[in-house]
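Heads up: the structure comes next, in structure tokens.
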Amino acid sequence: MKVLLITALVAGIFAALASNQYIHTTNLQASNKSNKKNLTTYYVFVFLCVATLAVVAGLRYYVGTDFGGYYRGYPKWEMSFGERWRTWNEPGLSTIAKLLYPISQDGAAFILVIACLTVSLFVFTIAKNTDTFFFSTVLYICLSWVGCFNGVRQFLAAAILFAGHRLIFDRKFLKFCIVVFIAASFHITALIMLPMYFLITKVLDLKKIVLILVAGIAMIYSYDFLFEILGVLKDSETGGADTIYAQNSIHSLRILIAFAPIALYFFLLFQEKGFTGTENFYVGFIFVQAATILGTSNSAYLNRVHIYFTPFVCIGLSLLVQKFPKNQQFILKAIILVLYLIVWVYIDIKDINWMWVFNRDGAYINSYA
């Protein structure tokens, strides 16, 4: 846990420096009445933040339940490249393995490259789409960063979709389909984002909110159907461990923290605050994230679907806070971050026993068992 806390602190410092630089550059642009922002220094600090999070995630050793499958199975991913493309069996990761294998046969290199791609796509997208980089990045650390230690392919697919999410906002359907296609090559569940193109728009009204929440509640009573589609509970498809995992409930705090931004939204709505198209867009994803977490709360396996929607909370919650008066925003952000950090430590990292890959005993093993 200590390593993760120190990493979060260092990344947070770089994120704070990036935010300071963004504010300085914005003020300078306003005083000079220029249309151009020189964000070079801003992105230098963003890069240092990304590097901190990516390198630590990439140099872990048997941290995360999925680690062994990718670390030991690296040669399998490389050798199955042709077959996976012929059968369209999520060939994305095999493509990365095929490109990387001539350079290094060490499974640790495979893990590092995946971590760097995943974190970079998430954090650089945040940097590009918000002017509160520190706040949004700390939320990302609390909500998504450690998750990529476990759902490796699914988080990479989510990162790709998040990086291309403005295509939904700009209503560029064909280009968005290409992004979904690329993401689905890493994890087929990425296809869930296709309906989001039609559901999430610049308009958010009561009918749409009710539809989203009702759909989430309906999921609670549709597990048999969802499991049948996924093949999770079929003995021929998975082992007993997977069945147990599929039926595990998630921590109730995850549901509470998912609905907290919604409470903030309705508070602002009752204050008769108006919302822009951009704000409605990201808040729409907040509702979808909360609904899916509630709807899949009795299955840890199904609950992974929220991975695709959670990154939008990092931006959407920031936009909601900015609706408050300037003199209230700092204290509100502080309270939110403290609460999220407490939940992060309590649920996600308190039981993690950290190991570095360069401290592994003996020679590295790349034989898939």
Side-chain angles (χ1 to χ4, degrees), residues 54-85 87-101 103-119 121 144-160 183-190 227 230-248 299-305 307-308 348-349 351-369:
V55 169
V56 171
L59 295 180
R60 71 190 190 279
Y61 185 63
Y62 278 93
V63 177
T65 54
D66 291 352
F67 183 92
Y70 296 101
Y71 175 73
R72 297 193 317 274
Y74 175 35
K76 183 195 74 168
W77 287 99
E78 188 273 337
M79 288 185 292
S80 64
F81 170 78
E83 178 64 22
R84 285 181 175 274
W85 273 106
T87 59
W88 186 249
N89 183 16
E90 299 175 344
L93 212 62
S94 285
T95 303
I96 293 176
K98 190 71 174 179
L99 294 172
L100 181 63
Y101 206 76
I103 302 171
S104 174
Q105 290 77 54
D106 189 348
F110 191 43
I111 296 291
L112 178 60
V113 168
I114 296 169
C116 287
L117 286 172
T118 303
V119 174
L121 288 171
S144 292
W145 178 52
V146 173
C148 76
F149 297 0
N150 295 312
V152 174
R153 289 181 298 123
Q154 207 162 5
F155 269 91
L156 182 50
I160 293 168
S185 73
F186 290 92
H187 207 284
I188 197 65
T189 55
F227 284 138
L230 296 174
V232 175
L233 297 182
K234 295 179 182 177
D235 292 336
S236 60
E237 298 275 346
T238 59
D242 287 329
T243 301
I244 294 170
Y245 173 61
Q247 294 176 323
N248 279 345
S299 170
Y301 183 87
L302 292 176
N303 190 253
R304 278 191 173 189
V305 73
I307 289 171
Y308 295 108
D348 292 320
I349 69 170
D351 296 324
I352 291 180
N353 296 314
W354 188 265
M355 289 188 290
W356 293 103
V357 72
F358 37 76
N359 289 335
R360 55 189 168 177
D361 296 327
Y364 61 83
I365 301 172
N366 278 337
S367 58
Y368 187 76

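Nothing here was measured: the structure is a model prediction, and the numbers come from that model.
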Under the side-chain contact (heavy atoms from CB on, under 4.5 Å) test, which residues partner [X], sequence neighbours left out?
X: Ala115; answer: Ala57
X: Leu99; answer: Thr95
X: Met355; answer: Tyr61, Tyr62
X: Asp348; answer: Arg254, Trp344

So does Asn353 have more than 12 non-hydrogen atoms from other groups sitting under 6.0 Å from CG? no

Note: Ala190 and Ala157 closest approach over all heavy atoms is CB-CB, 4.2 Å

Which atoms form the tightest heavy-atom contact between Leu302 and Ser299, and what is the distance? N-OG, 3.1 Å

Is there side-chain contact between [X] and [Y], with at least one heavy-atom pair below 4.5 Å?
X: Phe81; Y: Pro91; result: no
X: Tyr308; Y: His187; result: yes
X: Val152; Y: Ile111; result: no
X: Glu83; Y: Asn89; result: no

Once side-chain hydrogen bond (donor to acceptor under 3.5 Å, both in side chains) is applied, do any residues pair with Trp356, and if so which ones, sequence neighbours excluded? none

Does Ser80 have any side-chain hydrogen bond (donor to acceptor under 3.5 Å, both in side chains) partners at least two apart in sequence or in another chain, and if so, which? Arg84, Ser94

Side chains of Arg360 and Tyr71 only: does a donor on one sit below 3.5 Å from an acceptor on the other? yes

So, Gln154 and Thr189: side-chain donor and acceptor under 3.5 Å apart, yes or no? yes

Rounding to 0.5 Å, atoms CZ (Arg153) and OG (Ser185) come to a distance of 10.5 Å

Distance check, rounded to the nearest 0.5 Å: Ile96 atom CD1 versus Glu78 atom CD? 13.5 Å

Within the 6.0 Å centroid threshold, strictly below: Trp145 and Phe149: yes

Only residue of Leu117, Leu112, Thr118 satisfying side chain to side chain contact (heavy atoms under 4.5 Å, CB included) with Ile114 is Thr118

For Tyr101, run the ring pair (Phe, Tyr, Trp, His ring centres under 6.0 Å) check against Tyr74, Trp77, Phe110 and tell me which one passes. Tyr74

